[in-house]
Amino acid sequence: MSFTASTFQNEYLPAGSREVHAVVTVTAGGTLVQSGRPGEKAVVLIVDTSGSMNQPATKMSAARKAIAAAVDELPDGTLFAVIAGSQDARVVYPPNGTDLVAASDATRREAIGIAGKLQAEGGTAMSQWLGLARTLFERRPGAIRLAYLVTDGKNESEARDDLLAVLHQCQGVFQCDARGVGAKWVVDELRLVTSALLGDVDIIATPDEMDDDFRAFLEDAIGKQVGDVSLRVWTPAGANVRFVRQVAPAISDLRDKAVKVNDLTYDHPTGAWSGNETRDYHVCIDVVPGEVGEEKLAARVGLVVDGEMVSQALVRAVWTDDQALSTRINAQVAHYTGQAELAVAIHDGLEARKRGDERSATLKLGRAVQLAHESGNEATVRLLQGVVEVDDPATGTVRLRRDVAAVAEMALDTRSTRTVRVNKS
């Protein structure tokens, strides 16, 4: 296994200050195999087969085609299953419905044949779909367990509390990406699922894009090499952790998923990793202030695989009366603080637009354009241009568009937390 961790911060604090910020960059390299485990992968495709998937019928036909394409690319030996979801859930493959099956020429052919006969009818109850996936995954505790959920509608056949309860049961069992097809689904509902299950939410604007998205998920799933990975944060007695969040490749709050190791240490699940990726984490710690010239260890941040620390970075605090030192802003910390502000500005701007508060929407979305432009986040700038006319990106001068496609607004919403890394130059 090969993990490295590096700290980026301005460790110098003015006298009496207690707030310490740092960005910890973790990089995985090489082939990673969890100790005592064969590294097998388990993949469950969860497909909405409610009645709305027939409106228009091209959605259901595209889903059948996408399932077939994804299954056809499963490497031999990959454990898999296909779940059809409506107001209830059923395992359509394998036929016995009680366990996952290893991919082979025969099982791929059978699954493709069954997927081609799926029909759409009924309502939508996602807790049933996820609960059935959990039952399947729990039979394979040693595998890297990944699910892909695609839906086109609202979770209207059950109470929100039902979904929340099942999400709690699924945490730590499997990771789940979610996709919404078209513009009739609810972004916050799918984000609730992916936030709890360490996945990614996105939009499939038209049915003909479904095939490529299924393939992209599968390619990413196949590349995962290790599943049981946590970010471990130790802080000294008297310190308080304000937040721990992943900030690249996307913003995700990890604090609410923290698992206590001891009074000073918490593990934060990070999901599965491939053998060649880098993630950035922003931590903010309140420490007991020291005297001028004193240095303290504010935190130890490391990556834990199977309970074993495989990399570690230190966060320091040094008190000084030198204003030139204490007022420096670390480039990485400043960058990701801006990216977090960008995500909030987009969210607040879209909410204001829905309320009909055009002034607030213009100000918030203008600020978002300015932040995206300053940080080089051109993908977000392009998404914002689907909602506002940009007169001057440098100043955030924008005008609200009058006719905004629903999918354009939803694409901006779902992708608002995606970030760009610091320009090292």
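Side chains are part of it too, since the values below use all heavy atoms of this structure and drop only hydrogens, waters and symmetry mates.
Counting only distance, with no hydrogens or angles, the side chain of D392 and the backbone of A394 share a donor-acceptor pair below 3.5 Å. The main-chain N or O of L190 is found under 3.5 Å from a side-chain atom of T194 such that the two form a donor-acceptor pair. Within the 3.5 Å criterion, the main-chain N or O of R145 finds no donor-acceptor partner in the side chain of K224. Counting only distance, with no hydrogens or angles, the side chain of K59 and the backbone of S52 share a donor-acceptor pair below 3.5 Å. Of the possible donor and acceptor atoms, none in the side chain of R140 sits under 3.5 Å from a partner among the backbone N and O of E40. When atom types are taken as modelled, the side chain of T419 and the backbone of V247 share a donor-acceptor pair closer than 3.5 angstrom. A donor-acceptor pair under 3.5 Å is absent between the side-chain atoms of E73 and the main chain of L218, judged by distance alone.
How far CD of Q128 is from CG of D162: 8.0 Å, rounded to the nearest 0.5 Å. Going from atom OG1 of T25 over to atom CD of Q332 covers 6.5 Å, rounded to the nearest 0.5 Å.
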Exercise for review: Start with the C-alpha gap between T27 and E277, add the side-chain angles, then the distance that decides, and say whether side-chain contact (heavy atoms from CB on, under 4.5 Å) holds.
Suggested key: CA-CA 6 Å; T27 300; E277 67 173 301; over 6 Å; no
Exercise for review: Evaluate the criterion side-chain contact (heavy atoms from CB on, under 4.5 Å) for residue pair L371 and S375; output intermediate values, then yes/no.
Suggested key: CA-CA 6 Å; L371 289 165; S375 63; 5.8 Å; no
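By the 6.0 Å contact criterion, CD1 on I329 is open, its count of non-hydrogen atoms from other residues, nucleotides or ligands being 12 or less. Residue D263 places its CG atom among 12 or fewer non-hydrogen atoms of other residues, nucleotides or ligands, all under 6.0 Å distant. The local environment of NZ in K296 is crowded, with over 12 non-hydrogen atoms from other residues, nucleotides or ligands closer than 6.0 Å.
In this model, a donor atom of one side chain and an acceptor atom of the other lie less than 3.5 Å apart for D88 and S86.
Here ring pair (Phe, Tyr, Trp, His ring centres under 6.0 Å) pairs that include residues 195-226, with residues two or more places apart or in two chains, are Y148-F214, Y148-F217.
Across L13 and A317, no two heavy atoms sit closer than the pair CD1-CB, 4.0 Å.
Using a 4.0 Å cut-off between charged side-chain N and carboxylate O, R399 and D391 make a salt bridge. Under the 4.0 Å criterion applied to side-chain N and carboxylate O atoms, R418 and D202 are assigned as salt-bridge partners.
Applying the salt bridge (charged side-chain N to carboxylate O under 4.0 Å, His left out) rule to E156 yields no partners; only residues at least two apart in sequence or on another chain are considered.
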